[in-house]
There are 2 protein chains.
Amino acid sequence: MANKKKTTIKDIANVLGITPSAVSKALNDHPRISDKTKAAVLQIAKNLDYQPNHLASALRKGKSNLVGVIIPKANSHFFSSIIEKIEDVLNAKGYNVIIAQSNESYEKECKSIDALLYTQVDGIIASMANETVKLDYYEKIKSKGIPLILFDRGENDLNVDYVGIDDYLSSQMVIEHLVAQGCKRIAHIAGFSHTRIYKNRIRGYRDALEKFGLPIEDSLIVESNLRIEDGRKIMKQLLELKDRPDAVYAAGDYAALGALQIMQEHNIDVPNDIALVGFSNEPFTSLVTPSLSSVEQHSEQIGQIAAETLLKRIETNNKNVSLNKLILQPELIKRASSRKLQ
Amino acid sequence: MANKKKTTIKDIANVLGITPSAVSKALNDHPRISDKTKAAVLQIAKNLDYQPNHLASALRKGKSNLVGVIIPKANSHFFSSIIEKIEDVLNAKGYNVIIAQSNESYEKECKSIDALLYTQVDGIIASMANETVKLDYYEKIKSKGIPLILFDRGENDLNVDYVGIDDYLSSQMVIEHLVAQGCKRIAHIAGFSHTRIYKNRIRGYRDALEKFGLPIEDSLIVESNLRIEDGRKIMKQLLELKDRPDAVYAAGDYAALGALQIMQEHNIDVPNDIALVGFSNEPFTSLVTPSLSSVEQHSEQIGQIAAETLLKRIETNNKNVSLNKLILQPELIKRASSRKLQ
DNA sequence: TACATTTGTTTCAACGTTTGAACAAAAATA
DNA sequence: TATTTTTGTTCAAACGTTGAAACAAATGTA
């Protein structure tokens with residue numbers, strides 16, 4: 001119960017009658033230390049249940065071996081699987097991961113950044129909150145020379161490494177698929193266009209419609225936070241149009257789910273009356289009825305690449321490596337909600 | 001780009017012609033430092049963009065102001081909202097939170113514990129992996145004198161603070177409700193009985209059945225990991241029984257969802273042929289059709305209490321406070337999946 | 001034998017902050 | 001005026017680890 005005093009390098013040194021510095025070197029497998037001493041040190045370390053003091057070594061080395069990850073919300077398969085992968089990669093290299101949730105709030109995001117900087121993380125991997133427009137806090141990270149990698153929700157202006165999917169292409173694929181199903185009036189439940197990824201999805205949607213000679217109407221494009229309630233509200237709006245859409249492409253699965261609910265409440269046949277496609281391929285998409293078509297973003301890959309890119313930055317002291325923008329191919333998962341012609 | 005040298009307390013001291021120690025005291029609002037000096041220090045600190053070196057102060061003070069949280073998986077509303085609350089409470093007190101996911105794996109859990117100990121966290125809040133049976137690593141935490149709080153998935157034998165709901169009572173409430181709906185053969189898709197909470201849910205289920213004079217049959221109780229696929233597999237089994245149940249109580253929402261899928265695939269009317277109740281009140285429960293009845297666990301409260309209890313432990317140096325086992329009241333949310341008599 | 005090299009270890013300062021003790025000056029008390 | 005108390009600061013050591021430089025001993029080379 002009582003906090004026993006911890007074993008230090010010095011204790012080991014005393015037992016063996018050598019200096020702490022020799023012990024330190026033995027533990028770090030320094031080439032100039034004899035195998036005999038190394039073995040002895042290891043033995044005593046084990047006997048005394050020695051645990052290195054990370055704080056002391058971090059201070060001395062000027063490196064905390066801590067990495068911060070900022071995400072909007074862990075509560076989605078997309079982000080939680082990215083985190084899992086990031087942890088895998090970084091843990092293997094001796095780094096620990098601190099996760100901070102912004103809850104889509106700019107203020108919380110700033111606080112998290114401050115907290116991470118204060119904790120002296122060696123690097124930060126982040127996906128920006130929906131709310132975030134000002135980039136001052138991210139500039140702060142950069143100005144301190146701390147490696148920063150963005151994923152999914154990034155900003156070009158920041159000029160930092162980025163991993164994400166080709167959002168423009170995603171929209172193209174979705175529209176192409178819906179057109180193939182015979183849809184002619186396709187609405188878009190969009191994310192806020194001030195966020196790059198959502199802007200690109202909107203662009204892709206518009207360009208694809210144009211390519212297929214379909215109408216582009218402002219009433220068919222509604223921006224929101226893409227939560228379930230947003231999907232519900234917007235779908236209601238869409239149903240009130242005198243000229244209803246025959247397909248809905250939502251830039252997020254939760255919004256798509258909300259839309260689906262409303263359609264079911266209105267006894268609309270999905271996909272035959274209105275087809276529906278979501279985004280992110282959250283696990284629930286395959287579970288609802290009808291199952292939801294969605295865009296798979298290969299989250300594990302994103303996590304892996306983000307982590308590896310960060311490691312490279314850290315190892316090269318954030319220099320010499322040219323800017324890395326990695327855009328992965330999305331994959332459209334076609335399910336019942338958009339398959340009219342069986 | 002280049003890592004500029006960071007401002008230290010010494011730099012401020014030099015500018016003002018006082019000692020680092022005075023600066024330190026000024027920054028910490030020491031009573032013996034004059035207001036004039038404090039103001040001056042604060043001003044210069046701002047000018048030089050001084051950021052305290054957390055590592056140094058942590059080393060000196062023997063306190064990292066880091067708290068570890070171990071959860072099976074962030075990918076559920078239950079855990080992610082608990083984390084959110086824990087962060088709220090701890091951040092407000094100057095602590096940072098390191099989150100580690102065990103992914104329900106004992107091995108990963110052990111690794112996480114080691115990593116947290118290595119990072120010198122001041123305390124750990126944890127919910128155990130399904131797999132975990134041996135408690136050696138948790139004992140390790142205890143033996144180091146680091147405060148440990150368990151929530152949801154805890155173990156009585158560990159003799160540490162605990163926050164969770166009354167699982168036994170939850171089952172009682174569920175069964176009572178199902179009986180009121182006229183159900184007479186109630187199956188239980190259970191969690192593994194080696195985990196305390198699931199054992200208690202099973203006990204509550206059995207005792208309630210007995211209380212109402214209903215049959216307790218081993219074929220109606222199946223233990224699993226409670227994932228969607230487990231729910232599907234078990235539901236299939238249950239449907240193959242020559243005497244099918246008229247209600248299913250699943251100890252987790254995902255398992256319930258899997259069961260629901262299978263029933264829908266078999267054109268079974270839920271709730272009229274078979275009623276269904278889940279556990280955790282995940283957001284999707286209100287979104288599927290029919291909406292899923294479930295047990296609300298008041299996750300925010302759990303998070304809040306866990307964090308506050310940990311703070312108390314840390315502040316009192318893990319002594320003097322008597323053991324704290326807090327059992328919250330569950331709440332049964334009755335939805336369409338179990339409402340036979342409209 | 002004389003000298004250079006290698007090997008294994010010690011010495012010492014440093015990382016940036018904190019803290020108790022010491023001290024001088026100022027203010028309060030007698 | 002002499003003495004105590006208070007106020008504001010400095011001093012010095014410490015937290016545990018690391019790494020460059022110094023050093024001695026052992027080994028190798030000419």
Side-chain angles (χ1 to χ4, degrees), chain A residues 3-42 44-45 48-66 94 117-122 144-145, chain B residues 3-42 44-45 48-66 94 117-122 144-145:
Chain A
N3 267 22
K4 342 177 166 181
K5 225 176 30 263
K6 283 178 196 143
T7 308
T8 75
I9 237 172
K10 217 171 157 182
D11 299 322
I12 302 179
N14 287 338
V15 172
L16 290 171
I18 58 179
T19 60
S21 149
V23 175
S24 167
K25 289 183 173 109
L27 291 171
N28 290 304
D29 205 26
H30 188 110
R32 292 278 276 276
I33 296 289
S34 70
D35 290 346
K36 206 186 81 209
T37 314
K38 281 179 188 168
V41 166
L42 250 38
I44 303 295
L48 299 182
D49 189 27
Y50 167 74
Q51 296 287 135
N53 185 327
H54 160 255
L55 260 21
S57 98
L59 172 62
R60 175 64 229 244
K61 298 205 278 200
K63 196 158 169 305
S64 68
N65 274 46
L66 250 31
L117 292 177
Y118 175 68
T119 316
Q120 321 268 109
V121 292
D122 291 338
K144 290 203 184 298
Chain B
N3 267 23
K4 343 180 166 179
K5 228 180 21 272
K6 282 179 199 144
T7 308
T8 75
I9 238 172
K10 219 171 155 182
D11 299 322
I12 302 179
N14 286 339
V15 172
L16 289 172
I18 56 178
T19 59
S21 136
V23 174
S24 168
K25 285 177 175 136
L27 289 171
N28 289 305
D29 206 24
H30 188 109
R32 292 279 277 273
I33 296 290
S34 69
D35 290 346
K36 206 184 83 208
T37 315
K38 281 178 188 167
V41 166
L42 249 40
I44 303 295
L48 299 182
D49 189 27
Y50 168 74
Q51 296 287 136
N53 186 327
H54 160 255
L55 257 25
S57 91
L59 171 60
R60 176 62 230 247
K61 298 205 279 200
K63 194 160 171 302
S64 68
N65 274 44
L66 251 30
L117 292 177
Y118 175 67
T119 316
Q120 320 266 110
V121 292
D122 292 337
K144 290 202 184 299

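In what follows, chains carry the letters A, B, and so on, assigned in the order in which the sequence lines appear, proteins first and then strands, with residues in each chain numbered from 1.
With DNA chain D read from its 5' end, the first of the two nearest nucleotides for B:Lys61 and B:Lys38 is the one closest to B:Lys38.
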Distance-only donor-acceptor hits, side chain of residues 15-26 of chain B, under 3.5 Å, sequence neighbours excluded:
from    : atom 1 : to      : atom 2 : distance (Å)
B:Thr19 : OG1    : B:Ala22 : N      : 3.3

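Applying the salt bridge (Lys or Arg N to Asp or Glu O under 4.0 Å) criterion to B:Lys63, with sequence neighbours excluded, gives B:Asp122. For the side-chain hydrogen bond (donor to acceptor under 3.5 Å, both in side chains) test, no residue two or more places apart in sequence or in another chain qualifies with A:Thr7. With sequence neighbours excluded, no residue forms a side-chain hydrogen bond (donor to acceptor under 3.5 Å, both in side chains) with A:Asp11. A:Thr37 meets the side-chain hydrogen bond (donor to acceptor under 3.5 Å, both in side chains) test with A:Ser34; sequence neighbours excluded. Qualifying salt bridge (Lys or Arg N to Asp or Glu O under 4.0 Å) partners for B:Lys61, counting only residues two or more places apart in sequence or in other chains: none. Every residue two or more places apart in sequence or in another chain that forms a side-chain hydrogen bond (donor to acceptor under 3.5 Å, both in side chains) with A:Asp29 is listed here: A:Lys38.
Interatomic distance, OG of B:Ser57 versus CG of B:Leu27, reported as 11.0 Å (0.5 Å rounding).
Note: CG (B:Asn53) to P (C:dA14) measures 17 Å, nearest angstrom. If you measure from atom CG of B:Leu59 to atom P of D:dT17, you get 9 Å, rounded to the nearest angstrom. Rounding to whole angstrom units, NZ of residue A:Lys10 and P of D:dT17 are separated by 10 Å. We find that CG of A:Leu55 is positioned 10 Å from P of D:dG16, with the value rounded to whole Å. Taking atom NZ of B:Lys63 as the reference point, atom P of D:dG16 lies 16 Å away to the nearest angstrom. Between B:Ile9 atom CD1 and C:dT19 atom C1' the separation is 12 Å, expressed in whole Å.
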Please list, for nucleotides 5-8 of chain C, all pairs of protein and nucleotide N/O atoms separated by less than 3.5 Å.
from  : atom 1 : to      : atom 2 : distance (Å)
C:dG8 : N7     : A:Arg32 : NE     : 2.9
C:dG8 : O6     : A:Arg32 : NH2    : 2.8

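A heavy atom lying under 4.0 Å from DNA chain C marks the following residues of residues 12-28 of chain B, by number: B:Ser21, B:Ser24, B:Lys25, B:Asn28.
For B:Ser57, the listed nucleotide lying nearest its side chain is C:dT17; candidates were C:dT19, C:dT17, D:dT17.
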B:Tyr50 vs B:Ile9, side-chain contact (heavy atoms from CB on, under 4.5 Å): CA-CA, chis, key distance, verdict
CA-CA 8 Å; B:Tyr50 168 74; B:Ile9 238 172; 3.9 Å; yes
